[in-house]
Amino acid sequence: MLDVELRERLARLGYGRATTGTSRVIETSSPDQASRAVPRVPGQHRAVAGEPACFVAESRYAVDHDHGEVVLSDLLTHTGAAFRPLVPDPRVLELDFSRAAFVDCETTGLAGGTGTYAFLIGVGYFVGGSFHVDQFFMRDPGEERGVLLALRETLGERNAVVTFNGKSFDWPLLETRHIYHRIRLAPDDPIHLDMLHPSRRLFKRRLGSCALSSLEVGVLSLPARNGDVPGWQIPGLYFDYLRRGDAGPLTPVFEHNRLDILTLAALTLKVARHATDPVAAPPEHALDLMCLGRAFGDVGDFEIALRCLERARAIMSEPDEEIRACVAALYKRMRNYATAADVWHALVAEGALSIEPYVELAKHAEHRLRDYARAAVLAEQALAVCSSRATTARDGRVRAELIHRLARLRRRQGIA
DNA sequence: AATCAACGAAATCTGCAATC
DNA sequence: GATTGCAGATTTCGTTGATT
């Protein structure tokens, strides 16, 4: 007797076999479920064994659906291996997008801890070539357990998640809510690609801000969202809904969440393309190419890095000093000091604004060419550049190093 | 407000070469 | 041969920024 009861309770907690079956589907018009309004968006109520049903908004996109200049299903031609130069976590290389879930949560606030919970959990995933977005909605905080168990049926079939800032925000939050309800989060310890970080790596230099909305405009060329809900308003809109029961004002929140998922998938594809083949599918902006070149250089792919930097120079309209400094730094890392010196030399000859080429050439002259007189001249030039401009803390240090360097060089030349 | 990965700067280690 | 000083590599520490 006790055994049966225990089994049932465990099943409800998501540990038993009972929950492996599919949800029963309840039509939206079902009278007992319609008691609390939900936004007028396509969807249905889903319930897991013994739990009250929760509302799941459903959007389906055909194989050829495009969003931000890309066709989402093209992601299936890529794997996580594309992100090798941009993501240090080796598990990401194994990521298979047909088994991944794109996750984004709308929550009752930004603060962590038990006070914050997700009232709308958007999950994007591929079914065949088409892309589905399911949005699990909590009509009442008392419904959370049911929402998490329904979520489990969709998410549990995946072994990877793709998020935006989800390593810091969405995923830990979902973990906390699952622990609170003593439900095992599935997938447990998934492969996690957090697109914030590779995006920063690639686009920060050009765009400055790497908020998802900035990337949407600056990378995917989508128009700025018209009438979109600002994130800070979202918790308030949900609390109003809980008080008044009017679901209308939540419709734009569903829309916001749905678009965030589509943008996340499109951004993932765009970055995957650039990083897979920077020659055939290069970023169109010189600064993005420069960052991509740096990333390849950092993982030791010098040939690809050089090609990125050369192309970046070719399409750069403004002064390209920064890109050339990258090229020189790359040759130095390749231990091709002669070529590096040629590049620094050209920069110095043109009166480079940055001190780096002067300092690097001074090192080169002293330690490789053993031309102390030349090294001293370069160190002096570097000092002059240093003093000719506003001094930051860093400049102060570089200056001190240069004075030290110059003193040593004069000793070596026999000058007191 | 809480969190966390990435990045840059600073600190430390390693190996080489000059000097006495 | 021991000491010194450097550059480059590696490790550690602190800061930044994105999420609702």
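Lettering of chains follows the sequences in order, A, B, ..., and the numbering in each one begins at 1.
To the nearest angstrom, C1' of C:dC6 lies 6 Å from CZ of A:Arg408. Between A:His404 atom NE2 and C:dT4 atom P there is a gap of 14 Å when expressed in whole angstrom units. Here B:dC4 presents its P atom at 13 Å from CG of A:Asp170, a figure rounded to the nearest Å. In this structure, A:Glu175 atom CD and B:dT3 atom C1' are separated by 12 Å, rounded to whole Å. Distance CZ (A:Arg294) to P (B:dG8): 7 Å, rounded to an integer number of Å. When the P atom of B:dC7 is taken as reference, atom CG of A:Asp298 falls 8 Å away, rounded to whole Å. The CZ-P distance, from A:Phe164 to B:dA5, rounds to 15 Å in whole Å. A straight line from CG of A:Leu174 to C1' of B:dT3 spans 14 Å, rounded to a whole angstrom.
There is a side-chain donor-acceptor pair under 3.5 Å between A:Thr163 and A:His192. Remark: the A:His178 side chain and the A:Arg145 side chain contain no N/O donor-acceptor pair separated by less than 3.5 Å. Counting only N and O atoms by type, the side chains of A:His132 and A:Glu58 include no donor and acceptor under 3.5 Å apart.
No donor-acceptor distance shorter than 3.5 angstrom exists from the side chain of A:Ser168 to the backbone of A:Asn165, with no hydrogens or angles considered.
Salt bridge A:Glu255/A:Arg258: present, at least one basic N to carboxylate O contact under 4.0 Å.
Within 4.0 Å (heavy atoms only), A:Pro230 reaches no atom of the nucleic acid at all. When heavy atoms are screened at a 4.0 angstrom cut-off, A:His364 is found touching no nucleic acid atom at all.
Listed by chain and residue number, A:Phe296, A:Leu330 satisfy the side chain to side chain contact (heavy atoms under 4.5 Å, CB included) test with A:Ala305 (two or more places apart in sequence, or in another chain).
Using the six-membered ring where Trp is involved, A:Tyr241 and A:Phe137 have ring planes that are tilted, between 30° and 60° apart. Below 30°, between 30° and 60°, or above 60°: for A:His65 and A:Tyr61 the angle between ring planes is between 30° and 60°, a tilted geometry. Ring geometry for A:His274 versus A:Phe203: interplanar angle over 60°, hence perpendicular rather than tilted (30 to 60°).
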Check your understanding: Run the ring-ring contact (aromatic ring centres under 6.0 Å, His included) check on A:Phe97 and A:Tyr125 step by step: do they pass?
Key -> CA-CA 8 Å; A:Phe97 288 109; A:Tyr125 55 96; over 10 Å; no
Exercise for review: Please step through side-chain contact (heavy atoms from CB on, under 4.5 Å) for the pair A:Phe136 and A:Leu120, ending with a clear verdict.
Suggested key: CA-CA 5 Å; A:Phe136 298 80; A:Leu120 185 66; over 6 Å; no
Point to revise | Chi angles and distances behind the side-chain hydrogen bond (donor to acceptor under 3.5 Å, both in side chains) call for A:Thr339, A:Asn336 | key: CA-CA 6 Å; A:Thr339 312; A:Asn336 185 343; 2.7 Å; yes
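For DNA chain B, none of the residues of residues 234-264 of chain A falls under the heavy-atom distance limit of 4.0 Å. At a non-hydrogen distance threshold of 4.0 Å, A:His197, A:Arg201 from residues 193-213 of chain A come into contact with DNA chain B.
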Distances for protein N/O vs nucleotides 8-12 of chain C N/O pairs under 3.5 angstrom?
unit_1, atom_1, unit_2, atom_2, d
C:dG8, OP1, A:Arg368, NH2, 2.9
C:dG8, OP2, A:Lys332, NZ, 3.2

Check your understanding: Once each nucleotide of nucleotides 11-20 of chain B is scored for protein heavy atoms under 4.0 Å, what B/S/- sequence comes out, 5' to 3'?
Key -> -------S--
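Between A:Val161 and A:Pro190, the shortest heavy-atom contact is CG2-CG, 3.9 Å.
Here the options are A:Phe254, A:Tyr238, A:Phe239, the test is ring pair (Phe, Tyr, Trp, His ring centres under 6.0 Å), and the partner is A:Phe119; only A:Tyr238 passes.
Note: A:Phe131 and A:Phe102 meet the aromatic proximity criterion, with ring centroids under 6.0 Å apart.
Between atom NE2 of residue A:His364 and atom OH of residue A:Tyr337 there is a gap of 10.0 Å, rounded to the nearest 0.5 Å.
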Study note, to complete from the structure: Dot-bracket for DNA chain C, 5' to 3', Watson-Crick and G-U pairs with both distances under 3.5 Å, [ ] for crossing pairs, | for partner on another strand, reads |||||||||||||||||||.
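Both A:Val87 and A:Phe169 sit near DNA chain B, but only A:Phe169 has its closest nucleotide nearer the 5' end.
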